[in-house]
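Note sheet for the following structure.
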Number of protein chains: 2
Amino acid sequence: MTPVKNSPLVRKLSAFVALSEAELAVLDHLHQRRRTFLAGRDLVHQGQSEQAAYILSAGWVCSYKLQPDGTRQIVDFQIPGDFLGLRSVLLRTSDHSFEPLTDIQAAEVLKGDLLDAFTHTPRLAMAVLWAASRDEAMVVEHLVGIGRRNAEARMAHFLLELASRLALVGMGSREGYDCPLTQYHLADALGLSAVHVNRVLRQLRENGLVTFRDGHVSIHDHEGLIKLGEFDPAYLDQDGPLVR
Amino acid sequence: MTPVKNSPLVRKLSAFVALSEAELAVLDHLHQRRRTFLAGRDLVHQGQSEQAAYILSAGWVCSYKLQPDGTRQIVDFQIPGDFLGLRSVLLRTSDHSFEPLTDIQAAEVLKGDLLDAFTHTPRLAMAVLWAASRDEAMVVEHLVGIGRRNAEARMAHFLLELASRLALVGMGSREGYDCPLTQYHLADALGLSAVHVNRVLRQLRENGLVTFRDGHVSIHDHEGLIKLGEFDPAYLDQDGPLVR
DNA sequence: CGACTCCTTGAAGCGGCTCAAACATGGTGG
DNA sequence: CCACCATGTTTGAGCCGCTTCAAGGAGTCG
């Protein structure tokens with residue numbers, strides 16, 4: 001068993017597609033150029049034209065857009081197994097920024113290598129495209145949450161989505177997971193003020209639903225959280241095209 | 001000049017890519033199966049697995065998600081030249097619904113035909129992928145707006161984005177455009193109540209910025225609107241990969 | 001130890017919501 | 001032809017969810 005078989009990306013893709021040895025080898029190759037980045041130092045700045053994408057293998061990242069008035073909106077968080085800047089390398093200059101929330105490990109993927117991989121293993125291309133599509137579905141769900149759910153439901157939904165994503169790459173379970181986010185991150189992601197995030201977390205804790213403390217999320221009442229957050233994991237779980 | 005050269009999709013793509021005769025012919029072929037749908041009758045329902053995509057050639061559509069509590073969030077509006085259900089045909093069951101806001105004309109595109117077209121004219125595939133990427137950038141911008149802009153700025157931004165998109169397919173200008181949306185649609189899109197939408201529109205009108213009345217948007221102060229909505233069209237205008 | 005980051009809580013204000021009602025328009029059927 | 005209804009717009013009144021401002025506490029790092 002080569003090391004890459006335990007990589008988060010392989011775990012994620014394998015949950016939906018049985019990868020052949022050849023495909024695993026290609027993925028292995030893509031993981032060659034390992035790099036490290038420090039927490040808090042932006043990877044890509046808004047508007048910058050970028051040549052490389054990354055496969056995140058350890059640590060957390062957020063992608064966000066800055067407003068002229070200084071506020072920011074976090075669009076998504078990336079966890080191990082996720083791509084960074086996939087679209088910008090293929091199609092256009094990046095329209096948002098990436099900030100590592102922790103020190104991270106990522107494999108740099110050059111445009112040429114990626115296109116080669118897609119040419120030689122089209123099934124892998126479809127698998128990656130499927131992952132990108134899933135990411136987009138998450139952004140849409142995020143949009144719905146901010147537009148139509150109140151603060152409590154938003155938080156519940158968000159924590160459940162994270163639990164589900166992390167479990168897929170073996171970094172947590174229904175009972176809980178480690179999470180390096182601060183309440184400021186939660187605020188910027190959920191479109192709330194940090195103060196209100198604190199109050200909402202307290203309320204969820206006091207109602208025995210979930211506790212977020214010292215970098216760890218403990219889910220006490222999974223059912224209750226699902227109900228409160230109107231969480232329907234369909235948008236995360238749908239089968240890719242390859243298993244049909 | 002064949003009729004398809006005036007199709008909104010061709011207009012849109014041509015703004016960023018010079019299409020060859022062969023590529024125009026392929027696009028022409030994709031426009032063969034013309035169909036009509038009536039306003040208010042959903043095209044695709046949430047969760048439904050769909051086999052075809054559509055190229056919208058006339059009329060307006062919105063894509064939305066319904067919440068268990070009955071509220072809905074409109075994710076995006078589609079105007080002539082836009083694809084409907086592109087992702088769902090390639091990758092997964094649709095995770096939102098489509099409702100025609102007016103009677104519409106659309107060309108049905110079968111999965112097979114689309115894949116054939118992509119295989120034979122890869123430049124066209126990239127162009128379509130570019131359009132899809134632009135759509136996604138719009139969703140992200142929408143997310144930012146709902147999360148971090150107040151009602152007035154949201155409305156200003158939204159009306160400007162529409163102006164820009166419509167101008168690209170020859171359906172309006174900086175001065176204004178026809179728009180079949182009701183205040184309820186605006187509310188569901190912007191995450192507001194219909195009542196508040198009305199008040200915001202009144203305010204914009206009284207401040208001499210823009211008037212939305214009788215299905216027509218008249219932009220009186222383009223500069224002022226841009227400033228109020230913090231509208232930066234970079235996410236719409238960026239060059240595709242083919243013109244580099 | 002001081003400086004910094006993050007969490008926590010209180011108090012007060014406001015942006016946007018809900019409820020309610022009136023009006024205008026266009027289509028429909030008796 | 002008019003009575004009626006459905007759909008959309010407009011406006012008022014009151015309220016609540018969330019924000020802003022303010023300040024204290026707790027942990028950590030140089």
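Letters A, B, ... mirror the listed sequences (proteins, then strands); counts begin at 1.
Counting to the nearest Å, the C1' atom of D/dC18 and the CD atom of A/Gln203 are 12 Å from each other. Taking atom CD of A/Gln183 as the reference point, atom C1' of C/dC7 lies 6 Å away to the nearest angstrom. Between the CG atom of B/Leu204 and the P atom of D/dT10 there is a distance of 13 Å, rounded to whole Å. Put simply, CG on A/Leu186 is 12 Å from P on C/dC6, counting in whole angstrom units. Whole-Å rounding puts the B/Asp69 CG to C/dC17 P distance at 14 Å. B/Leu201 places its CG atom 9 Å from the P atom of D/dT9, with the value rounded to the nearest Å. Atom OH in A/Tyr184 sits roughly 13 Å away from atom C1' in D/dT20 (whole-Å rounding). If you take CZ of A/Arg202 and C1' of D/dC18, they are 14 Å apart, rounded to a whole angstrom.
Without hydrogens or angle criteria, B/Ser218 side chain to B/Gly176 main chain gives no donor-acceptor distance under 3.5 Å.
Side-chain nitrogen and oxygen atoms of B/Arg199 include none within less than 4.0 Å of the OP1 or OP2 phosphate oxygen of D/dT10. The side chain of A/Asn198 contributes no N or O atom lying less than 4.0 Å from OP1 or OP2 of C/dC7.
Of the candidate nucleotides C/dC6, D/dT19, C/dC17, D/dT19 has the atom nearest to the side chain of A/His196. When distances run from any side-chain atom of A/Arg205 to the nucleotides C/dT18, D/dG8, C/dT8, the shortest one goes to C/dT8. Distance from the side chain of B/Ser193 is smallest for C/dC17 among the nucleotides C/dC6, D/dT9, C/dC17.
Between the axis at the start and the axis at the end of the helix from C/dC1-D/dG30 to C/dG30-D/dC1 there is an angle of 30°, using five pairs per end and rounding to 10 degrees.
Separating the OH atom in A/Tyr54 from the CG atom in A/Asp82 is a distance of 16.0 Å, to the nearest 0.5 Å. From A/Tyr177, atom OH reaches atom NE2 of A/His216 across 9.5 Å, with rounding to the nearest 0.5 Å.
Contact annotation: the side chain of A/Leu30 never approaches that of A/Leu9 to less than 4.5 Å [non-hydrogen atoms, C-beta and beyond]. For the pair A/Ile219/A/Arg174, no side-chain contact is recorded, criterion being any heavy-atom separation below 4.5 Å from C-beta on.
In this structure, B/Glu99 pairs ionically with B/Arg72, as a charged nitrogen and a carboxylate oxygen lie closer than 4.0 Å.
Minimum interatomic distance between A/Val169 and A/Pro80 (heavy atoms only, all atoms of both residues): CG1-O, 3.6 Å. In terms of heavy-atom proximity, A/Leu168 sits nearest to A/Arg11 at O-CB, 4.1 Å.
Positionally, the nearest nucleotide of DNA chain C for A/Val195 lies more toward the 5' end than for the other of B/Val195 and A/Val195.
At a threshold of 4.0 angstrom between heavy atoms, the contacts of B/Gly191 are confined to the sugar-phosphate backbone, with no base atom among them.
Only B/Asn150, B/Ala151, listed by number, bring a heavy atom of residues 145-160 of chain B to less than 4.0 angstrom from any atom of DNA chain C.
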**Criterion salt bridge (Lys or Arg N to Asp or Glu O under 4.0 Å) on A/Arg165 and A/Asp76, from CA distance to verdict** = CA-CA 12 Å; A/Arg165 292 174 63 189; A/Asp76 202 359; 3.5 Å; yes
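Exactly one residue among A/Leu209, A/Leu190, A/Val210 makes a side-chain contact (heavy atoms from CB on, under 4.5 Å) with A/Met155. That residue is A/Leu190.
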